[in-house]
**Q** 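Please see the structure below; I have some questions.
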Amino acid sequence: MTLTLASTVTLSNSPSTTQPRLGWGSWPSKGETCANSVLTAISEGYRHFDSAQAYKNEEAIGKAVGQTSVPRSELYLTSKINASPPFDVNAVYQSIVESVKKMSGGKEDAYLDLFLIHGAAVDGGKHNKIQWQALEKAYKEGIVKAIGVSNAGKGLIEDMKEYAQVWPPHVNQIELHPWCQQPKAVAWCHSHHIVVQAYSPIVRNKKADNPTLKSSAEKYSKTPAQILIRYALQKDWVPLPKSDDPARIRENASVFDFEIAEEDMKKLDALDQGPAGAMDEDAYAVADMEIPT
């Protein structure tokens, strides 16, 4: 699998749109720290940045967007609707407009490349219709280039057919790493040409001492985080690793000069613990367990 930091994936359900294969996850970075980290990441070649209304860092990312000399067209910016917004189409739409303004850094022709329903499973998904209709309005007006969901399983996405004019969603962002692989959810999304993004791909550095992971890191002369990011790329996920440390931001992008051998991928595959391996067990239950074996 030949990949570079410039590699992209086409959103098959929105064929004119592409997305960088590696992104920078922003939670819980805020303020000047967040803005400086985005500028550092841009200088290291990152072009994909993930945020959310709930993270309270959209303005910080927008500040970096306004300061960088990289054209807006070369950046890929994502946000997500707050899991507890006012559940009214117009109110949700207005919150989307505000997010677009915050993240655009004062650039003309403000838009975001992707906007997701953050809490697709909140209250069993009963608010998804309102949120999706607001996203569809923003999508049709062009202030959002693609729309999707986060932490959604097959059932919730299938339910959207009843009211969605845009279906299936372009993206589903779920927790993914060797200990939480959600294979049924991933397979179902891929079969419907839904791009799968991986949040917490480096497990918040909580597995760095795992013997299997350490062994792979030593074999390839890479850090545990680099192995996990490369693993995600080879699984055809779009990983969103987060760090505010400049050295680690650089390291996390240095994953395109090696490939994990099939035998080592299988060793990492064997680490899957199902719901027990998830950082967010509720998210796992929604995304993967709905799908019958």
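Note that the coordinates shown come from a computational prediction; the quantities given were computed from them, not determined experimentally.
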**Q** Can you see whether S26 engages N57 through a side-chain donor-acceptor pair at a distance of less than 3.5 angstrom?
**A**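 Note: S26 and N57 side chains meet the donor-acceptor criterion.
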**Q** Can you confirm whether E251 is buried at CD, in the sense that more than 12 heavy atoms of other residues, nucleotides or ligands lie under 6.0 Å from that atom?
**A**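 Check passes, neighbour count above 12.
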**Q** Do T68 and L75 have side chains that get closer than 4.5 Å, going by heavy atoms?
**A**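 When only atoms from C-beta onward are counted, L75 and T68 do touch, with a gap below 4.5 Å.
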**Q** Should E136 and K140 count as an ion pair when the cut-off is N to O under 4.0 Å?
**A**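 No, E136 and K140 are not salt-bridged.
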**Q** Can you confirm whether Q19 sits close enough to D113 that some side-chain heavy atom of one is under 4.5 Å from a side-chain heavy atom of the other?
**A**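 Result no, sub-4.5 Å side-chain heavy-atom pair not found.
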**Q** Only one of K222, M265, K219, K267 passes side chain to side chain contact (heavy atoms under 4.5 Å, CB included) with I260; say which it is.
**A**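 Running side chain to side chain contact (heavy atoms under 4.5 Å, CB included) over K222, M265, K219, K267 with I260 returns exactly one hit, M265.
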**Q** Is it true that atom NZ of K56 has more than 12 heavy atoms of other residues, nucleotides or ligands lying nearer than 6.0 Å?
**A**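 Counting other residues, nucleotides and ligands, NZ of K56 stays at 12 neighbours or fewer.
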**Q** Can a donor-acceptor pair be found between the side chains of D269 and Y231 at a distance below 3.5 Å?
**A**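 Y231 and D269 do have a side-chain donor-acceptor pair below 3.5 Å.
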**Q** Using the rule that two of Ile, Leu, Val, Met, Phe, Trp, Tyr join whenever any of their side-chain heavy atoms come within less than 4.5 Å, decide whether I227 and V203 are in one cluster.
**A**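 Linked within one cluster.
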**Q** Given the rule in the side chain to side chain contact (heavy atoms under 4.5 Å, CB included) test, do I157 and W188 qualify, once you have shown the distances and angles that lead to the verdict?
**A** CA-CA 11 Å; I157 296 175; W188 187 84; 3.6 Å; yes
**Q** Would you compute the distance between atom CD of Q165 and atom CD of Q133 and round it to the nearest 0.5 angstrom?
**A**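 It is 8.0 Å, given to the nearest 0.5 Å.
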**Q** Before you tell me yes or no, could you show the steps for E32 and K63 under side chain to side chain contact (heavy atoms under 4.5 Å, CB included), namely the whole-Å CA-CA distance, both residues' side-chain angles and the distance that decides it to 0.1 Å?
**A** CA-CA 9 Å; E32 286 298 316; K63 181 178 180 180; 2.3 Å; yes
**Q** Would you check if there is a donor-acceptor pair between the side chains of D50 and T78 at a distance under 3.5 Å?
**A**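 The answer is no; no qualifying pair exists.
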**Q** How many angstroms lie between atom OG of S51 and atom CD1 of I61, to the nearest 0.5 angstrom?
**A**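 Answer rounded to 0.5 Å: 4.0 Å.
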**Q** Do other residues, nucleotides or ligands put more than 12 heavy atoms under 6.0 Å from the CZ atom of R248?
**A**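 Not more than 12 within 6.0 Å, no.
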**Q** For R230 and D257: C-alpha separation, side-chain torsions, deciding distance, then whether salt bridge (charged side-chain N to carboxylate O under 4.0 Å, His left out) applies.
**A** CA-CA 10 Å; R230 182 68 201 193; D257 56 351; over 6 Å; no
**Q** Under the side chain to side chain contact (heavy atoms under 4.5 Å, CB included) test against W24, which residue among I249, L240, T40 passes?
**A**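 One option only clears the test, and that one is I249.
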**Q** Looking only at the side chains, is there a donor atom on one of Q53 and S99 sitting less than 3.5 Å from an acceptor on the other?
**A**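 Yes.
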**Q** Rounded at 0.5 Å granularity, tell me how far CE in M279 sits from NE2 in H177.
**A**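 Those atoms lie 6.5 Å apart.
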**Q** Between K266 and E262, is a salt bridge (charged side-chain N to carboxylate O under 4.0 Å, His left out) present by the stated rule, with each step listed?
**A** CA-CA 6 Å; K266 288 180 178 178; E262 183 178 356; 3.6 Å; yes
**Q** Hey, does P178 have a side-chain heavy atom less than 4.5 Å from the side chain of L228?
**A**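 Yes, at least one pair of side-chain atoms sits under 4.5 Å.
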**Q** So with a 6.0 Å cut-off around NZ of K129, is the heavy-atom count from everything else above 12?
**A**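 For K129, atom NZ is not crowded (no more than 12 foreign heavy atoms under 6.0 Å).
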